[in-house]
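In each ligand, atom 1 is the first atom listed, and ligand 1 is the first ligand listed.
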Amino acid sequence: MPFLTDDELVRRAWDARGHSCSQYSGFAVGAALEADDGRIFTGCNVESSSYGLTCCAERVALFKALSEGVRAFRRVAVVTAAPRVCPPCGACRQVLADYAPGIAVIMANESERILSTLDELFPFGFDQNFLARP
Ligand code: THU
């Protein structure tokens with residue numbers, strides 16, 4: 001499976017953002033997650049009238065992939081139309097660290113793009129190693 005360019009991955013995230021269920025916040029987010037084998041899993045934020053049940057675009061994309069047995073990831077693109085480029089929230093950073101450690105993170109809006117890594121965005125994070133009993 002051919003790998004996408006950053007531009008193409010960001011484009012897939014914009015497409016996914018079009019499905020955003022963000023009627024409560026008005027803040028639409030799209031994500032496109034690339035697996036090691038080149039498959040792309042997209043997500044948008046899905047909000048609930050019980051606000052705390054909302055799921056971010058990044059986790060929707062990741063959960064779709066995990067639920068199909070995919071366990072190795074390369075890049076994730078996150079897009080919003082906000083004036084400032086939006087990074088993954090803390091909860092998404094934790095879950096990405098659990099299932100996609102070391103992943104590259106592309107954050108974009110209509111005019112700007114920031115390339116980063118989860119290692120940079122989530123230093124000294126909690127992980128399964130802390131669960132080990134002595
Ligand atoms: N949101 C995401 O989808 N991803 C993030 O990383 C930040 C926040 C969503 C959650 C909620 O639907 C809306 O943006 C406002 O917080």
For [Y], does its backbone N or O pair with a side-chain atom of [X] as donor and acceptor, under 3.5 Å?
| X | Y | result |
| --- | --- | --- |
| Glu8 | Thr5 | yes |
| Gln94 | Phe126 | yes |
| Arg17 | Ala31 | no |

- Note on the structure: Sorted by chain and residue number, the residues having a heavy atom closer than 4.0 Å to an atom of ligand 1 are Ser25, Phe27, Val29, Asn45, Glu47, Thr54, Cys56, Ala57, Glu58, Pro87, Pro88, Cys89
- Message: Any heavy-atom pair between the side chains of Val70 and Leu33 that's under 4.5 Å?
- Response: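 No. Closest side-chain heavy atoms not under 4.5 Å.
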- Message: Do Phe63 and Val95 have side chains that approach each other closer than 4.5 Å (heavy atoms only, starting at C-beta)?
- Response: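 Phe63 reaches Val95 side chain to side chain.
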Name each donor-acceptor pair under 3.5 Å that joins a side chain in residues 20-28 to protein atoms two or more places apart or in another chain, with its distance.
residue : atom : partner : partner atom : Å
Ser20   : OG   : Ser22   : OG           : 2.7
Ser20   : OG   : Asn45   : OD1          : 2.6
Ser25   : OG   : Phe27   : N            : 2.9
Ser25   : OG   : Glu47   : OE2          : 2.5

